[in-house]
Amino acid sequence: MTNLAFTALIKSKGWNQKRLAEAARINPGVFSHRVNGRQDWQWAEVCRVCAALGITLDEFATYYPVAGVRKSSAAMPTREERIDSVLAELRAILV
């Protein structure tokens, strides 16, 4: 079932699902499954999506309960992931 509130948030921030998926380095098909609740989110994905949208993890949790987020294999994001996250935030500010 589509999470209409989260989809509305994406649009209100000037994104569409495909562009946000690409910015967060998530396959658009997988991203769609996550948004629609057919697959659980992974922690690293949540962090990248929050960075791109400019929202906190707590805000994300209002759309998807913590139980629906799986911890990824890496507990902490890598240096490259942190850099990508910062670049995504800068990209969102500049767009």
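Heads up: numbering here begins at 1 and tracks the sequence.
- In terms of the side chain to side chain donor-acceptor pair (under 3.5 Å) criterion, Arg19 has no residue partners (sequence neighbours excluded).
- For the atom pair NE2 of His33 and CG of Asp40, the computed distance is 13.0 Å after rounding to the nearest 0.5 Å.
- By the side-chain contact (heavy atoms from CB on, under 4.5 Å) test, Ser12 is found to be paired with Leu9, residues two or more places apart in sequence or in another chain being considered.
- Taking CD of Glu22 as the reference point, atom CG of Asn27 lies at 9.5 Å (rounded to 0.5 Å).
- Note: Leu57 CG to Thr62 OG1 = 11.5 Å, rounded to the nearest 0.5 Å.
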Go through it in stages, so that I can follow the logic: the residues are Arg25 and Asp84, the test is salt bridge (Lys or Arg N to Asp or Glu O under 4.0 Å), and I'd like the CA-CA distance, side-chain angles, deciding distance and then a yes or no. CA-CA 9 Å; Arg25 298 183 337 267; Asp84 287 344; 3.2 Å; yes
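- Rounded to the nearest 0.5 angstrom, Leu20 CG and Lys13 NZ are separated by 11.5 Å.
- Looking at Ser32, its side chain never comes within 3.5 Å of a backbone N or O of Pro28 through a donor-acceptor pair.
- Note that CG of Asn16 is 8.5 Å distant from CD1 of Ile10, once rounded to the nearest 0.5 Å.
- Between Arg48 atom CZ and Arg82 atom CZ the span is 13.5 Å, to the nearest 0.5 Å.
- For Phe6, the ring pair (Phe, Tyr, Trp, His ring centres under 6.0 Å) partners are Phe60, Tyr63, Tyr64, not counting sequence neighbours.
- No donor-acceptor distance shorter than 3.5 angstrom exists from the side chain of Asn36 to the backbone of Arg38, with no hydrogens or angles considered.
- Linking ILVMFWY residues whenever their side-chain heavy atoms come closer than 4.5 Å, directly or via other members, leaves Leu87 and Leu53 in distinct clusters.
- In this structure, Val35 and Gln17 have side chains that are in contact, with non-hydrogen atoms separated by less than 4.5 Å.
- A 4.5 Å side-chain heavy-atom check between Val49 and Ile26 finds at least one atom pair inside the cut-off.
- In plain terms, the two heavy atoms of Ser85 and Ala51 that are nearest each other are OG-CB, 3.2 Å.
- A pairwise comparison of heavy atoms in Ala52 and Trp15 identifies O-NE1, 3.6 Å as the closest pair.
- In this structure the side chain of Glu80 never reaches within 4.5 angstrom of the side chain of Ile83, judged on heavy atoms.
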